Amino acid sequence: MDSGHTEYYVQREIIDEQRLKERSQRMDPSQINLPISHRLKKSLSCSTPRLKRSIVGFLPVLSWLPRYSIWDYGMPDLISGISVGIMHLPQGMAYALLASLPPVFGLYTSLYPPLIYFIFGTSRHISIVKMHCFLYTFSTFTILSIMIGSVTERLAPDSDFLIYNGTNVTEEVDIISRDFYRVQVAAAATVLGGLIQVVLGLVQFGFVGTYLSEPLVRGYTTAASAHAVVAQLKYILGVSPKRFSGPLSIVYTLADLFMLLPETHLPTLLASVVSIVVLITAKELNTALRQKLLVPIPVELCTIVVATVISFYTRLSKTYKISVVGEIPSGLQPPSIPNASVFSEVVLDAFAMAIVGYAISISLGKTFALKHGYKVDSNQELVALGLSNTFGGFFQCFSVCSSMSRSLIQESTGGKTQIAGVVSGVIVLVTVLKLGSLFQELPKAVLAAIVFVNLKGMFKQYYDIVTLWRSSKIDLLIWLVTYVSTVLFNLDMGLGASMGFALLTVIFRTQRPSYSLLGHLPGTELYLDMETHKEVREVPGITIFRSSATMYFANAELYLEALKKKVNILHLNLVTIKYIFSYMCCVYYSITPTYHNCIFPLQKRAFKEASQRSKRAVFSVEEEAGQLKETNGDIHREVELGWRERENSTVFVIPETVRTSDVHHTWMYLKGTDPETTTLGSVSDLHDGDTTTLDSSSEDTLSRDLERVSLGSLGKWTWDIHSIILDFSTANFIDIVAIKTLRNIFHDFSEIGVDIYLAGCQALVVEQLERGGFFSDVITEGRVFATVHDAVLYCLKHRGAEILHSYENAMDTSGTRL
């Protein structure tokens, strides 16, 4: 069916909030929300099914491991695990350099945390016989390695471990003592970060990752890659720059590296360049041939094996002074309690690593979950990640999260479950126990080259600047602020600054939303922005106002100002209008104006000036208001008003002669939007209660032609509008400040004869209005309508009888037939 030619017809009564409740039988909040005692009792109750669900929820491995099919998943998981385990070896040692730790601790980190995640990580089965679990791999990650490195270098700099020889200080550093303390610092930060993640997961704080938007995360990781490149330059160039920490440390490091360029160690540079070229070429071939290969070629493993063999037989470390990995102890380290004395110094870094690690892991996890059809439990993932880090910290591991490259390898090689992670852990275990010593002659420049090449994906993220420039300037600003703050202020302070700025953009966008006046699209019940749609028509006598954001304390005042501006009475202070009205009453009835018989007392000067101008037969509201200076307590503000271009013209009717019982009096009126084109007219021999149609030129709009002034209301000013409808369909909550502002809007506009209505309120907003005491005898639920169309039909039926015939072809007031 062609939707462009499909029509539908609806005929129903006009529905306001009270009628909507009656017809829909809306339940009372007390019926929906159980008392706290009932909810507490239900949460503390225990049953066998609930206990089983709790255990399986905390230990997801129990939900899928008993039904694991070796025939279906055994071989794919085995091949995938071997492939990933081979990648763990070079990347684990390389990322240990980023963390400023001995390479063997990178292998430890690739072993223990994945085994813990195997038990506590989330998994989902899509049927009884076929299941999927998260296909991402927990291991060392570039960003967290850099963050750990910044902590270890800050708390354990080389300058604190210089070897003293008598009274002279040599240039030699006590590497053993330095590395031992750095391992303690890294383990303490890892355990503390893991505990933070566990606590956040247990209190259902998994949603915190949603505050890290994609532009923020990508800008942050791009900036972190810049730190990674700078950290590896010393290994690539073979120089020893000074250690800097704190803000602008990357700038100082680059400046020092630039000064050390003449001292570049050429053999080390050559080894780095050759390794980079080989790795890039081999990876491109891997990509080009990936459809024809059963498993990817382990390029990095082949590189470190060849480099180790060449280094061993050519004695690069002794002949050419190329720095190598050095001694790699065989066997596993016994668990030890982290040094709690450094907790206070790393707590902020641990919190930053906990949030960043979780954000990266949950983002990648949701990607694979969407692809394979299962759901991510964000809180359980937070607990699993925290336990992996906490447990790993006791075995001298540093913080981990999911690895994009190894997760993709695990998926592309056919991995189905976390059994593949166990297989990769076994590969690392065998290497640590038996093969670790074979890599002692591996040049550090080769490991630095591996890190450098693996950052290629991060370098491509600079293209985000072009993409975001085309799509969203605010997201681009978030990306740039995140990148600059992270580069200049380091990873921890940069994360805090970028999150704060991202939240400010949200507040700014809600505080400065777009405001629009809506018009009716003929033949439909739709109301659209008149500035952006040519075919919509303004409903005569009715202004429909909409904000693009929720009205709350931060934008309530701006909402009111925007409303006044859109209905073109911003220049006319309502207090001033009330004063002029009461003053004219005094003049007409020959009463001397005083402070007591005016509604709002003003200065004596204002009375004097007004009295002088009252000698003239006719004056306008604008002219009078433009000369007043309002004083209210200690607040003085000049009411600088005057003629301004606007759509809704003001009509002010005043008596030309003093009212007497036996003399007919003449009524004078001013009408128009400009002093030079103002229409001056008069009517006489009319009595109170009579009405007359004001003169109008051929250029007047339909609403002005049909405008009538009641002579029974002395000095009564009228507008081209009689009703204002506030479209609240975009509001999802309302606070007490907004409720007070709404109440003032209803009251102030009623003083000048304009009715206010609400339309499109969600049930929660109506409930909050009720709890906030918004409704009263004056403002009833009859002022709130289900849709804008209901409100328009109501206004036309009750206030727009004179102009209703102009719209009878577009809408039927007996219902909503369009």
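Everything numeric in this text was worked out from a predicted model, so none of it was measured.
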Please round to the nearest 0.5 Å and tell me the distance separating atom [atom1] of [X] and atom [atom2] of [Y].
{"X": "Ser150", "Y": "Leu155", "atom1": "OG", "atom2": "CG", "answer": "9.0 Å"}
{"X": "Lys740", "Y": "Phe553", "atom1": "NZ", "atom2": "CZ", "answer": "14.0 Å"}
{"X": "Leu385", "Y": "Gln197", "atom1": "CG", "atom2": "CD", "answer": "4.0 Å"}
{"X": "Leu447", "Y": "Ile236", "atom1": "CG", "atom2": "CD1", "answer": "11.0 Å"}
{"X": "Leu202", "Y": "Leu382", "atom1": "CG", "atom2": "CG", "answer": "8.5 Å"}
{"X": "Thr264", "Y": "Leu269", "atom1": "OG1", "atom2": "CG", "answer": "6.5 Å"}

I'd like to check [X] versus [Y] (side-chain heavy atoms, cut-off strictly below 4.5 Å). Are they in contact?
{"X": "Leu98", "Y": "Ile148", "answer": "no"}
{"X": "Val765", "Y": "Phe733", "answer": "no"}
{"X": "Met499", "Y": "Leu495", "answer": "yes"}
{"X": "Val151", "Y": "Val185", "answer": "yes"}
{"X": "Asn454", "Y": "Tyr95", "answer": "yes"}
{"X": "Leu480", "Y": "Leu468", "answer": "no"}
{"X": "Thr741", "Y": "Glu557", "answer": "no"}
{"X": "Val451", "Y": "Leu97", "answer": "no"}

Under the salt bridge (Lys or Arg N to Asp or Glu O under 4.0 Å) rule, what pairs show up with a residue in [range], not counting sequence neighbours?
{"range": "residues 93-102", "answer": "none"}
{"range": "residues 341-356", "answer": "Arg154-Asp349"}
{"range": "residues 456-471", "answer": "Arg218-Asp464, Glu284-Lys456"}
{"range": "residues 180-205", "answer": "Asp158-Arg182"}

Tell me, which pairs form a side chain to side chain donor-acceptor pair (under 3.5 Å) where one or both residues lie in residues 728-737, sequence neighbours left out? Thr550-Asn732, Asp727-Ser729

Please list all pairs meeting side chain to side chain donor-acceptor pair (under 3.5 Å) that have one or both residues in residues 225-238, counting only residues at least two apart or in different chains. none

Aromatic contact between Phe105 and Phe395, with the criterion being ring centroids under 6.0 Å apart: yes or no? no

side-chain hydrogen bond (donor to acceptor under 3.5 Å, both in side chains) partners for [X], two or more places apart:
{"X": "Tyr252", "value": "none"}
{"X": "Asn379", "value": "Gln204"}
{"X": "Thr222", "value": "Gln461"}
{"X": "Asp174", "value": "Ser177"}

If we ignore angles and hydrogens, is there a donor and acceptor under 3.5 Å between the side chains of [X] and [Y]?
{"X": "Ser514", "Y": "Ser548", "result": "yes"}
{"X": "Gln396", "Y": "Ser336", "result": "yes"}
{"X": "Tyr559", "Y": "Tyr552", "result": "no"}

Side-chain donor or acceptor of Gln511 paired with backbone N/O of Ala554 under 3.5 Å: yes

Considering all heavy atoms of both residues, which atom of Val198 and which atom of Leu387 are nearest to each other, and what is their separation? CG2-N, 3.6 Å

Using the ring-ring contact (aromatic ring centres under 6.0 Å, His included) rule, take Tyr483 and Tyr462 through it: C-alpha gap first, then chi angles, then the decisive distance, then the call. CA-CA 10 Å; Tyr483 178 83; Tyr462 284 101; 5.7 Å; yes

Residues in ring pair (Phe, Tyr, Trp, His ring centres under 6.0 Å) with Phe728, at least two apart? none

Go through the structure and list residues passing ring pair (Phe, Tyr, Trp, His ring centres under 6.0 Å) with Phe459, not counting sequence neighbours. Phe452

